[in-house]
Protein chains: 2
Amino acid sequence: MSLRFALLGLLDDAPGSGYELTRRFEHTLQRYAWHAKHSQIYPELTRLADDGLVAVVDEGARGRRTYAITEPGREELREWLRNPPVHKNVRNEEVLRMFLLSTLPAAEARVLLEQTAIEAERELAELTEVVRAQDARCGEEGLWFGRLAAEFGLRQHTATLDWARWALANLSA
Amino acid sequence: MSLRFALLGLLDDAPGSGYELTRRFEHTLQRYAWHAKHSQIYPELTRLADDGLVAVVDEGARGRRTYAITEPGREELREWLRNPPVHKNVRNEEVLRMFLLSTLPAAEARVLLEQTAIEAERELAELTEVVRAQDARCGEEGLWFGRLAAEFGLRQHTATLDWARWALANLSA
DNA sequence: CGATGCATGTAACGCGTTACATGATTAC
DNA sequence: GTAATCATGTAACGCGTTACATGCATCG
């Protein structure tokens, strides 16, 4: 069900076609929150339109249909946000791998931890750039929530990096 | 495919039946890494046995079958760990919700952020207890990797808590 | 006029959830 | 004896991925 709300969220920001929403997914939600391919997005947009939560507001070249969120769609999205689920279903292969490091000899586990640290550093460097660019344009409307997401990523990666370093420091002992 | 490796990982720690593995899932991997229900676990164990990666080592009351990992199973698990995927597929409803907070009026977003902070605090308190207990039994074999996982959770929750507080502090401004 | 990118769709298959279904053992 | 827990299974459905399939528009 989350895909619907991811799409409604993107459309709440601005109208877009299936093709464009697929790109926006890649550039915004993909990294930390959610991912979906066009083969899933197109049918879901059709269903959302059938349910009246989005509407086609423009048709352009090459059969392009631009969708916009409707008022019922906005209300549906808000309702979803107001009622978080009690049980959180986590499924993160990255973390699973970390948990199963135990099954490797220490030397190999160490290599993987080092890779984890390096990747976290790289992501941190990228995100720091993003935040710097955002802060430079400080004050613009609608920017705040992109900043919120970036800050979240920043802190998650920092935590992972620190953890990997801590693990490496304690592994040899 | 990850379910296979989650099961192999649990069995690498100790043999167990489908029922028992379901419980172990709940108590170990569920929170941060992976979750699965018995209806998925039983058929997967059958398949793993068919592939020779696990074997039935005991049959007890009520049709209970205890499985153990085999040497080919161990090798398969190690190979999986040694070859992390290039593209990481994230799907985290929690984070998606945070990203879409923008669609709510500030006052409501604030309430949700406060709830996020409270939950992170609660989880932190729980985990801190776990770690304290672990450290008390320091030196035991096999404990280190449980400690590794707990430390990871500790740092993730701390990051989330700090982020929520940062967001609240900056939201009103 | 050919390559690239825009734009949409669907069919088959696999993974995951919910619900249904059954029965043995243990503790009170 | 009856309630709780142990213990296993399967069928139907929904979500997600891969692969197949098509054609228009733009740029050079």
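Chain letters run A, B, ... following the sequence lines, proteins first, then strands; residues in each count from 1. Just so you know, these numbers come straight off a predicted model, no measurement behind them.
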Does this structure show an ion pair linking [X] with [Y], if we count only N-O contacts that are shorter than 4.0 Å?
X	Y	result
B/Arg64	B/Glu20	yes
B/Glu79	B/Arg82	yes
A/Glu123	A/Arg31	yes
A/Arg74	A/Asp12	yes
A/Glu44	A/Arg4	yes

How many whole angstroms separate atom [atom1] of [X] from atom [atom2] of [N]?
X	N	atom1	atom2	answer
B/Arg47	D/dT10	CZ	C1'	13 Å
B/Glu59	D/dT8	CD	C1'	12 Å
B/Asp58	D/dT8	CG	P	11 Å
B/His87	D/dT17	NE2	C1'	14 Å
A/Arg65	D/dG23	CZ	C1'	14 Å
A/Tyr67	C/dG9	OH	C1'	11 Å
B/Leu7	C/dG16	CG	C1'	14 Å

For nucleotides 4-6 of chain C, give me every protein contact, N/O to N/O, under 3.5 Å, one pair per line with atom names.
from: C/dG5; atom 1: N2; to: A/Arg62; atom 2: NH1; distance (Å): 3.2
from: C/dC6; atom 1: OP2; to: A/Tyr19; atom 2: OH; distance (Å): 2.7
from: C/dC6; atom 1: O4'; to: A/Arg62; atom 2: NH1; distance (Å): 3.1
from: C/dC6; atom 1: O3'; to: A/Arg62; atom 2: NH2; distance (Å): 3.4

Exercise for the section: Determine, stepwise, if the pair B/Phe25 / B/His38 fulfils ring pair (Phe, Tyr, Trp, His ring centres under 6.0 Å). Expected result: CA-CA 10 Å; B/Phe25 240 106; B/His38 79 274; over 10 Å; no
Fill in the blank from the handout: So, with a heavy-atom separation below 4.0 Å from DNA chain D, the residues of residues 24-45 of chain B are B/His38, B/Ser39, B/Tyr42
Handout entry: N/O (side chain, A/Arg91) to phosphate O (OP1/OP2, D/dC15) under 4.0 Å
Key = no
Fill in the blank from the handout: On DNA chain D, more 5' by nearest nucleotide between B/Ala61 and A/Met1 is B/Ala61
Practice task
Can you label the angle between the A/Trp80 ring and the A/Phe5 ring as parallel, tilted or perpendicular, going by 30° and 60°?
Solution key: parallel
Exercise for the section: Could you tell me whether the side chain of B/Arg97 reaches within less than 4.5 Å of the side chain of A/Pro85, counting heavy atoms only? Expected result: yes
Exercise for the section: Determine, using the 4.5 Å side-chain heavy-atom cutoff (strictly less than), whether A/Tyr19 and A/Leu29 are members of one ILVMFWY cluster. Expected result: no
